[in-house]
K.L.:
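Structure in structure tokens, see below.
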Protein chains: 2
Amino acid sequence: MDVREALLEAALKVFAEAGMRGATTRKIAQAADVNEVTLFRHFRSKDELIEAALAGFAQRVETRVLPPTPTDPRSELIAWCGFHHRELHKRSALIRKAMGEHEEHPSHCAQGMRASVRVARELTEYLRRLKQAGLATGDWDEAAATNMLMGALFADALGRDTMPDRYPYSMRAAVQHYVDLLLNAIGAGDVSPASRGRTSR
Amino acid sequence: MDVREALLEAALKVFAEAGMRGATTRKIAQAADVNEVTLFRHFRSKDELIEAALAGFAQRVETRVLPPTPTDPRSELIAWCGFHHRELHKRSALIRKAMGEHEEHPSHCAQGMRASVRVARELTEYLRRLKQAGLATGDWDEAAATNMLMGALFADALGRDTMPDRYPYSMRAAVQHYVDLLLNAIGAGDVSPASRGRTSR
DNA sequence: AGTGTGTGCAAGTAACTACTTGCTTCCATC
DNA sequence: GATGGAAGCAAGTAGTTACTTGCACACACT
């Protein structure tokens with residue numbers, strides 16, 4: 001079953017480069033170093049192959065866990081956001097292409113969205129815990145705060161290569177900026193100032 | 001020159017639905033209610049047509065102005081963000097497709113980005129004015145705060161149709177949430193509380 | 001009345017697409 | 001050593017694509 005894996009991996013790569021229409025069976029077969037006919041022996045159609053490749057990718061997306069009992073929100077969030085920001089950036093080409101397929105192949109797009117929903121839920125629940133533990137105050141909406149932070153990471157990861165003017169700071173600094181802004185926004189900005197001074201801003 | 005305009009408009013519409021590869025000259029000509037040959041009499045190639053259509057669109061994108069001397073940041077930002085949020089949402093299909101073309105047709109993608117950079121600059125300068133006027137405090141980064149708010153609007157506009165679970169609030173409420181969070185983040189949360197109670201949160 | 005200019009229409013070209021068929025070759029297992 | 005499955009290879013099918021050519025028509029100006 002080595003060939004099947006090679007085909008799935010190649011399909012993901014070519015899809016990320018060229019999208020659904022541009023990912024021809026010939027290109028995929030070449031990328032997998034396999035005869036084009038073999039592709040159709042493993043998958044009934046190109047659609048089936050791409051779908052399987054995207055589903056496999058979405059399943060493999062790792063969701064980092066945030067601590068069940070928050071102690072240092074700033075460093076915890078920076079670690080978590082840093083990880084997901086890097087993942088988003090690494091996969092930005094694939095994400096752009098999958099989003100572009102939304103009108104024509106909604107199922108392809110939906111595969112990728114599932115992972116995003118999972119990650120967002122993890123953050124929402126962490127923010128709820130922060131509020132319950134008294135580490136954050138105010139009457140802000142949990143879903144909105146989640147989407148604000150994740151939206152910033154998402155737009156940054158996708159836009160920083162295409163609009164360098166808008167992102168003059170490094171990826172590392174970006175995460176710190178967004179986390180600090182969010183912590184201020186949810187009334188958790190002045191907790192644990194000791195850890196705050198330690199990292200460069 | 002009516003036909004030329006019809007072709008540009010049709011090209012933009014078909015491109016938003018199907019992307020570069022899917023926007024065939026036949027489809028565009030049909031959408032413009034024009035013979036396919038006529039398309040090639042006005043534009044040397046399909047590439048040239050799409051490029052012109054996207055350039056025209058990027059040029060037409062309206063940039064709302066933020067007041068030179070801020071008085072009520074919350075309502076001023078809500079009005080400004082509400083407008084751009086609606087515009088982003090209206091054009092989300094086009095934006096998704098243009099972003100997907102980044103690898104294969106960077107110039108197409110870049111056309112759209114120019115407008116985004118313009119809009120972002122307007123917000124950055126407003127935030128700077130807020131800080132100078134003493135309406136916002138803290139040592140936050142202006143570009144980061146800009147990108148945080150615009151990233152939230154951008155991700156919301158593009159994701160709310162494909163991931164309704166993540167956006168349980170209305171578009172109107174979304175803008176208020178993000179603006180309130182940002183104002184808190186930049187130490188401008190408790191100014192003009194009168195106007196704050198007026199709108200539903 | 002004549003002369004462009006812009007358009008429609010029918011047809012064709014050359015390249016590419018997903019997918020198929022028939023045959024050969026390798027290689028592990030019985 | 002025979003058998004079966006998995007792979008390669010060459011070729012072909014039917015459809016689509018961007019783009020071209022040649023000709024006819026209709027309208028505007030002189």
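Throughout, protein chains are lettered first and strands after them, A, B, ... in sequence-line order, and every chain is numbered starting at 1.
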K.L.:
Parallel, tilted or perpendicular: which describes the rings of A/Tyr169 and A/Tyr167, with under 30° parallel and over 60° perpendicular?
P.N.:
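Perpendicular: the ring planes of A/Tyr169 and A/Tyr167 meet at over 60°.
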K.L.:
Where the side chain of A/Thr38 is concerned, which of C/dT7, D/dA7, C/dG8 is the nearest nucleotide?
P.N.:
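So the side chain of A/Thr38 is nearest to D/dA7.
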K.L.:
Quickly work out the B/Leu39 CG to C/dT7 C1' distance and round it to whole Å.
P.N.:
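Answer to the nearest Å: 13 Å.
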K.L.:
Roughly, in whole Å, what's the span from CD1 in A/Ile50 to P in C/dT17?
P.N.:
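It is 13 Å, rounded to the nearest whole Å.
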K.L.:
Is there any protein nitrogen or oxygen under 3.5 Å from a nitrogen or oxygen in nucleotides 18-22 of chain C, and what are the pairs?
P.N.:
from: C/dA18; atom 1: OP1; to: A/Thr25; atom 2: N; distance (Å): 3.4
from: C/dA18; atom 1: OP1; to: A/Lys46; atom 2: NZ; distance (Å): 3.0
from: C/dA18; atom 1: OP2; to: A/Thr25; atom 2: N; distance (Å): 3.1
from: C/dA18; atom 1: OP2; to: A/Thr25; atom 2: OG1; distance (Å): 2.9
from: C/dC19; atom 1: OP2; to: A/Lys46; atom 2: N; distance (Å): 2.8

K.L.:
Below 4.0 angstrom from OP1 or OP2 of D/dC9, is there any side-chain N or O of A/Asn35?
P.N.:
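True: A/Asn35 side-chain N/O within range (under 4.0 Å) of D/dC9 OP1/OP2.
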K.L.:
Quickly work out the A/Asp2 CG to D/dG5 C1' distance and round it to whole Å.
P.N.:
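After rounding, the gap between these two atoms is 16 Å.
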K.L.:
Specify the separation, in whole Å, of atom CD of A/Gln30 and atom C1' of C/dT17.
P.N.:
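Roughly 14 Å, once rounded to whole Å.
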K.L.:
Partners of A/Arg128 by salt bridge (charged side-chain N to carboxylate O under 4.0 Å, His left out), sequence neighbours excluded?
P.N.:
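Once residues adjacent in sequence are excluded, the partners of A/Arg128 under the salt bridge (charged side-chain N to carboxylate O under 4.0 Å, His left out) criterion are A/Glu142.
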K.L.:
Would you please confirm or rule out a distance under 4.0 Å between OP1 or OP2 of C/dT7 and any side-chain N or O of B/His42?
P.N.:
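Looking at the OP1 and OP2 atoms of C/dT7, one of them is under 4.0 Å from a side-chain N or O of B/His42.
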K.L.:
Counting neighbours of CD on A/Gln59 that are heavy atoms of other residues, nucleotides or ligands and sit closer than 6.0 Å, is the number greater than 12?
P.N.:
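For A/Gln59, atom CD is not crowded (no more than 12 foreign heavy atoms under 6.0 Å).
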K.L.:
Determine, for A/Glu104 against A/Arg21, whether the closest basic-nitrogen to carboxylate-oxygen distance falls under 4.0 angstrom.
P.N.:
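A salt bridge links A/Glu104 with A/Arg21.
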K.L.:
Check the surroundings of atom CD in A/Glu76: do more than 12 heavy atoms from other residues, nucleotides or ligands lie under 6.0 Å from it?
P.N.:
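Yes, the 6.0 Å shell around CD holds more than 12 heavy atoms from other groups.
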K.L.:
When you check the gap from the basic side-chain N to the acidic O, do B/Glu103 and A/Lys97 get nearer than 4.0 Å?
P.N.:
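Salt bridge between B/Glu103 and A/Lys97, a charged N being under 4.0 Å from a carboxylate O: yes.
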